[in-house]
Amino acid sequence: ETYTTHNSVFPVLCPPGSGLIRKFYFVDSPLNWTDARRHCRDNYTDLASISSTADMDTVLNTTNLPNVTAWIGLYRDCRENWRWSGGEVVTFTHWRSRLPCAVLNATGFWEERNCSKENFFICESQGGAQQYRLIRENKTFADAQRHCRESCSDLPRVDSVGESQQIRTTAQGHAVWIALLQDSWEWSDGRRSGFRNWSPGEPNGGREAQRAEIYLKANVKNNNNKRGGWNDAGGTHHSPFFCYTATNSSEQYHFICDKKSWVEAQKYCR
């Protein structure tokens, strides 16, 4: 028999991942960003790259974190490239105009939108047959992306005229967010990830702020930041930092005795 429900709970078997298991390390020896990266590369793998909310939870669950900021491996490359929010290179475009985030409008063209504006959006199923689902809720780009990812989908990439037409049809005349954003930030280890966790109003430092730091507690420096939120900074001041190591996991399976639903098990393994 084939069971399609995701509500039953079973023990979990996590398969080999993408070939690497990453472990994060908090280094409480304040350095500037460049020296922190050098230390991580000399003693670990690199400054921490954060690709998901699970990575964020792992970093923040480090014990006895001080009430300060800490460097992570995100930096600005100054090229203002457009990329898909999963980090993939853009190979197809259908612009009407350009800005930081993008919607597909009622005529099928892409339009620039401020990422903080609210729009309806479409979630694209991940894996298996390509399916689009219109969400009739007004959300910012980040909130729409989070909504889709919590249901094992994502904002849609558009790689062809045919896909653009499918999304336009699904949108039923509404302008909807697609997974495209203008982002000049990159990870120092070269990892392709569009995951961002900026604090409200960030990044706001302009051209002088070329590095990213993470708030280890809420309300650091009395600026009403959120715990785990990111801030853009100049990179010259001294702060503690996070490094990571990566080990090969290609032959390792892990049996987890905790009983979880399919969705919970997928999130745990990832």
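Quantities reported herein were computed from a predicted structural model and do not represent experimental measurements.
- For the ring-ring contact (aromatic ring centres under 6.0 Å, His included) test, no residue two or more places apart in sequence or in another chain qualifies with Y244.
- Every residue two or more places apart in sequence or in another chain that forms a salt bridge (Lys or Arg N to Asp or Glu O under 4.0 Å) with E137 is listed here: K139.
- For the side chain to side chain contact (heavy atoms under 4.5 Å, CB included) test, residues two or more places apart in sequence or in another chain that qualify with A70 are F26, I214, L216, P240, F242.
- Between the CG atom in N119 and the CG atom in L104 there is a gap of 11.5 Å [rounded to 0.5 Å].
- Using bins of under 30°, 30° to 60° and over 60° for the plane-to-plane angle, the ring pair Y75/W33 lands in the tilted bin.
- Residues satisfying the salt bridge (Lys or Arg N to Asp or Glu O under 4.0 Å) test with D28, not counting sequence neighbours, are none.
- For the pair S49 (side chain) and W187 (backbone), a donor-acceptor distance under 3.5 Å is absent.
- In this structure a side-chain-to-backbone donor-acceptor pair under 3.5 Å is missing from Q210 to G235.
- Take H238 and apply the ring-ring contact (aromatic ring centres under 6.0 Å, His included) test, not counting sequence neighbours, and it matches no residue.
- Screening residues 147-171 for ring-ring contact (aromatic ring centres under 6.0 Å, His included) gives F121-H147 as the qualifying pairs, with residues at least two apart or on separate chains.
- How far CD of Q145 is from OG1 of T140: 9.5 Å, rounded to the nearest 0.5 Å.
- With rounding to the nearest 0.5 angstrom, the CG atom of N61 is 11.5 Å from the CZ atom of F24.
- Heavy-atom minimum distance, R211 versus G234: CG-O, 4.3 Å.
- In terms of the ring-ring contact (aromatic ring centres under 6.0 Å, His included) criterion, residue partners of Y44 (sequence neighbours excluded) are, by chain and number, Y25.
- With sequence neighbours left out, the salt bridge (Lys or Arg N to Asp or Glu O under 4.0 Å) criterion links R41 to D46.
- For the residue pair C243 and V27, the shortest heavy atom distance occurs at SG-CG2, 3.9 Å.
- Looking at every heavy atom in both residues, L60 comes nearest to G228 through CD1-CA, 3.7 Å.
- In this view, E118 satisfies the side-chain hydrogen bond (donor to acceptor under 3.5 Å, both in side chains) rule with no residue, not counting sequence neighbours.
- Rounding to the nearest 0.5 Å gives a distance of 11.0 Å between OG1 of T170 and CD1 of I135.
- Atom NE2 of H39 and atom OG1 of T34 lie 14.5 Å apart (nearest 0.5 Å).
- Nearest heavy-atom pair across A102 and W177 is O-CE3, 3.3 Å.
- Nearest heavy atoms, A179 versus L155: CB-O, 3.5 Å.
- Partners of E163 by side chain to side chain contact (heavy atoms under 4.5 Å, CB included), not counting sequence neighbours, listed by chain and number: Q130, Y132, V158, D159, S160, Q166.
- In terms of the salt bridge (Lys or Arg N to Asp or Glu O under 4.0 Å) criterion, residue partners of R38 (sequence neighbours excluded) are, by chain and number, D35.
- Of the inter-residue distances, the one linking N32 atom CG with R37 atom CZ reads 10.5 Å to the nearest 0.5 angstrom.
- A233 is linked by a side chain to side chain contact (heavy atoms under 4.5 Å, CB included) to W71, E213, N231, H237, counting only residues two or more places apart in sequence or in another chain.
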